[in-house]
Every structure is written in C-alpha cells, then in structure tokens.
Amino acid sequence: MLTDLPRDVRIGVGVVDQKQERVETPTEIAARARRVLRTPDCGFATFADTPIAPAGVAEAKLHAIVEAARLVRRG
C-alpha cells in the first residue's frame with residue numbers, strides 16, 4: 001500500500017497516457033488518481049516503440065492533470 005511507504009519517499013504516478021492523442025478529462029484523471037491510492041499500478045506496460053503524442057496534446061494533458069489534482073484534493 002502506498003500509505004505504508006516511509007514519509008520521505010516520493011513516487012510519481014502516471015494518470016494520463018502520453019502515447020494517445022485523446023486528452024483525458026479531469027474527471028477521468030481524478031478517478032485514476034483515486035484508484036491508484038487504492039491499488040497502485042507500476043505503469044510499465046508502456047513500450048518504447050509506440051509513438052508519443054504531439055507536444056500540444058501533451059500540454060493539454062498537463063492542464064487536465066492540474067484540474068484533476070484540484071478535484072482529488074476537494075475529495
């Protein structure tokens with residue numbers, strides 16, 4: 001469980017798919033963040049030969065992540 005980690009340990013959780021051009025909604029991202037709090041997923045299912053989404057899509061995903069973080073913090 002993530003709650004069992006030492007307080008000085010930091011982890012990063014992948015909540016968007018950087019290889020897909022579809023921008024996830026903040027609600028979808030928040031749901032993924034909440035799910036990882038219950039059952040973490042290592043995210044190693046990605047593959048090096050799969051193309052990455054264009055920069056504009058990545059930026060839109062980052063904006064969606066910020067809004068999702070606000071949703072998660074609100075509960």
Side-chain angles (χ1 to χ4, degrees):
M1 233 26 231
L2 294 175
T3 55
D4 296 331
L5 291 173
R7 302 290 287 165
D8 62 335
V9 171
R10 299 286 184 253
I11 61 167
V13 178
V15 292
V16 297
D17 186 342
Q18 79 280 12
K19 297 181 182 188
Q20 299 274 332
E21 288 198 27
R22 188 180 82 76
V23 177
E24 297 88 338
T25 67
T27 301
E28 289 174 304
I29 298 167
R32 291 175 185 169
R34 289 182 183 112
R35 188 171 42 244
V36 79
L37 293 173
R38 293 187 310 270
T39 55
D41 178 351
C42 70
F44 287 118
T46 58
F47 301 94
D49 59 350
T50 304
I52 295 175
V57 172
E59 184 176 346
K61 288 175 180 275
L62 290 172
H63 286 288
I65 289 171
V66 169
E67 185 57 32
R70 289 184 183 123
L71 291 173
V72 170
R73 289 183 181 121
R74 280 187 246 157

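Keep in mind that what you see is a predicted model, and the values were worked out from it rather than measured.
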Going by atom type alone, with no hydrogens or angles, which donor-acceptor pairs under 3.5 Å involve a side-chain atom of residues 67-75 and a protein atom two or more places apart or on another chain?
{"unit_1": "Glu67", "atom_1": "OE1", "unit_2": "Arg70", "atom_2": "NH1", "d": "3.2"}

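- Judged purely by atom type and a 3.5 angstrom limit, Lys61 has no side-chain atom pairing as donor or acceptor with the backbone of Glu21.
- What you find for Ala64 and Ile29 is that their closest heavy atoms are CB-CD1, 3.4 Å.
- Listed by chain and residue number, Glu28 satisfy the side chain to side chain donor-acceptor pair (under 3.5 Å) test with Thr25 (two or more places apart in sequence, or in another chain).
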